[in-house]
Amino acid sequence: MVDIIRVQNLSKSFRVAKRKEGLKEAIKSIFSREYTTKQAVKDVSFSIKEGSIVGLLGPNGAGKSTTIKMLTGILSPSSGTVSCAGFNPFTQRKEYVRHIGALFGQKSQLWWDLPAIDAFTLAQHLYDIPRAEFLSRRDDLIKRLRVEEEVYRPVRNLSLGERMKCEFIMALLHRPKIVFLDEPTIGLDVFAKEHIREFILYAQKTFGTTFILTTHDMDDIDHLAQRVIIINHGTVIFDDSLSALRGQANMVKNVRLVTQTRLPSLRQKGVSSIARISPYEASMRLDTSILSLQEFITRMTQETVLIDLEVSRASVEEIIKQLYLS
Amino acid sequence: MKKWFVLERFMFSREVSRRLAYKFDFFFSLFTISILQIIIPLYVLLLYGVSDGFPGWSVGQALLLVSYISLGESISAVFFQGIIWNTVDNVKKGTMDTWLLAPMHPLAYFINRSVDVEDTGKIVTSAAMTGYALFLLEATILEIAFLLLYLIVPIVFFTTLAILASATSILFIDSYRIYEFVNLTSFLSKYPLSIYPALVQTLFFTLVPLAAIGVVPILLLYQSASWILLASALVVFVLCALSILWWNNTLKNYGSAGG
């Protein structure tokens, strides 16, 4: 598989006006304004293989959306290079956007007062899709996403799940090579989520579409992403397969101890996030790549009498949270 | 270009469908906007009924001036000027991003997405008043053909104002007042030039080409003015080209909204 996206040393900074509180400051700002430079994305590099599904994660304000906006040609990078499907997204925007689709969960591409079917026809004109081909693609997508009746109802009358399915049709009608999904399952019920995830996998397998998925829903990542890129403070802090992330999760255990005598000192290498519930009970996180579970238990039993011990694997979500904090 | 017209036709029909979702509001808007459009031509007729009107200008010419400019303004309002409100709205909400994903020149697509069918009432009224003025002037087919062809100048002029306002909105977001100010200034074009001092008249033929959008064709057809006045129409096209360049430039500085 070839690289469909190549990003090298990508950076983006914004000049942001600073204003203090109150009327006096508001009047002062008319004459002189203070500006600060916000570095949203710093020196980000990665490449993505054609036909893969990659999860782009990070806390709010981490730089994910800015990265996506640069990959879609909406924003120009301050420095660095981007090549998507052989195009420079910003300088070759008009030609490039023919090859991409985008679904911004909170920014609809449909008309609120009209049925979604009308918006689909806009896509036909916009991407110059021959009528017969358009009808066949449209009907296939409608059938696959099971919205045969819903597409004829005004968008304002649709449930969130139904609307998202219509947004998917809109984003995929022109058979894009790359699809950017920003929070595609936000606010959806479990059935709608499952349905949309199935559809993404179907599109990937059938059309070889590459999906870049931005989400806070770890289930989306778990079900879809083969690879995970985590961005925080504008830089890439993790870039590996989902199995590597899971492996990292397997190494970390959540431990809860209940002792007969007062708890000994728990501060030692490999032990973190210590929470003392009472003088006899505590929970913590144990990194078994630093301190094995066996050695930890041995140390504990040497210093106290254990009444109860609970050990569970840390979830991928917990690992990601740890990465955000590190 | 063909695609732009296809999309424009499509958007017009969709916009009518969309507005028909709230029928009462749509028809009432059409009605009130049409009625309001008659006020200035009626004022001209009233003025000539009680006085000698503007010196050197017959009632037909004065009526043609206001109606003709309104016609150009109305056509621009339906097909082009919607970008002003749409830019402000989309920049504020951050939804402009989705429009930038269309495989077209962004300004062309923005104009496509901003068709405003509500103002079609204005076109009908202005066209009717223009027709009445031409009847009073006993216009020939050739004169009518010339005026129809020349209509591109006021349309381009008012579209230029809209492009400038849209670009300002990308930069400063809320900037309706700038447009209102410029639009009010353009109101000066609806008076015969003879009422202004010589310096202002020169200005209106050159840097601020307000004469070009209505006065010039009437002077050429009915007051035997020199055809060199047509050069002022060129200023309108130059301003339009500059406004497009500026719009493109402001888009480069577009910072999107968070999230």
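Basis for what follows: all heavy atoms, side chains included, without hydrogens, waters or symmetry-related copies. Per chain, numbering begins at 1; letters A, B, ... match sequence-line order.
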K.L.:
Surrounding CZ of B:F28 (heavy atoms of other residues, nucleotides or ligands, distance under 6.0 Å), is the total greater than 12?
P.N.:
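At most 12 heavy atoms, drawn from other residues, nucleotides or ligands, come within 6.0 Å of this atom.
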
K.L.:
Residue by residue, which of residues 71-81 of chain A have a heavy atom closer than 4.5 Å to a heavy atom belonging to chain B?
P.N.:
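Only A:T72, A:I74, A:L75, A:S76 of residues 71-81 of chain A have a heavy atom under 4.5 Å from chain B.
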
K.L.:
Would you compute the distance between atom CZ of B:R18 and atom CG of A:D113 and round it to the nearest 0.5 angstrom?
P.N.:
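That separation rounds to 6.0 Å.
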
K.L.:
Looking at B:R9, I want to see if its CZ is surrounded by more than 12 non-hydrogen atoms of other residues, nucleotides or ligands under 6.0 Å.
P.N.:
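No, because the 6.0 Å sphere around CZ of B:R9 holds 12 heavy atoms or fewer from other groups.
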
K.L.:
With chain B as the partner, which of A:T214, A:L126, A:D128 has the greatest number of non-hydrogen pairs under 4.5 Å?
P.N.:
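When all of A:T214, A:L126, A:D128 are compared, A:L126 has the most.
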
K.L.:
Pick one of side chain, backbone, both or neither for A:I100, based on which atoms fall under 4.5 Å of a heavy atom in chain B.
P.N.:
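For A:I100, side-chain heavy atoms alone lie under 4.5 Å from chain B.
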
K.L.:
Could you go through the side chain to side chain contact (heavy atoms under 4.5 Å, CB included) check for B:M11 and A:L122 one step at a time?
P.N.:
CA-CA 8 Å; B:M11 289 306 303; A:L122 171 68; 4.0 Å; yes

K.L.:
Got a second to check how far B:L100's CG is from A:R93's CZ, nearest 0.5 Å?
P.N.:
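The CZ atom of A:R93 is 6.0 Å from CG of B:L100, to the nearest 0.5 Å.
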
K.L.:
Only counting residues at least two apart or in another chain, list the ones meeting side-chain hydrogen bond (donor to acceptor under 3.5 Å, both in side chains) with A:E167.
P.N.:
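So A:E167 forms a side-chain hydrogen bond (donor to acceptor under 3.5 Å, both in side chains) with A:S108, A:R163.
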
K.L.:
As a test of understanding, state which of B:Y109, B:F10, B:W4 forms a ring-ring contact (aromatic ring centres under 6.0 Å, His included) with A:H125.
P.N.:
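Option passing the ring-ring contact (aromatic ring centres under 6.0 Å, His included) with A:H125: B:F10.
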
K.L.:
Is it true that atom CZ of B:F31 has more than 12 heavy atoms of other residues, nucleotides or ligands lying nearer than 6.0 Å?
P.N.:
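No, the 6.0 Å shell around CZ holds no more than 12 heavy atoms from other groups.
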
K.L.:
Write down the atom of B:H105, the atom of A:K94, and the distance for their closest heavy-atom approach.
P.N.:
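In terms of heavy atoms, the two residues are closest at N-CD, 3.8 Å.
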
K.L.:
Checking A:L114 against chain B: side chain, backbone, both or neither under 4.5 Å from a heavy atom?
P.N.:
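The side chain, not the backbone.
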
K.L.:
When heavy-atom pairs shorter than 4.5 Å are enumerated against chain B, which of A:F14, A:W111, A:W112, A:F104 gives the highest number?
P.N.:
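Max contact count across the listed options: A:W111.
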
K.L.:
Pick from B:L7, B:T98, B:V6, B:L101: which one has the most heavy-atom pairs with chain A under 4.5 Å?
P.N.:
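Heavy-atom pairs under 4.5 Å are most numerous for B:L101.
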
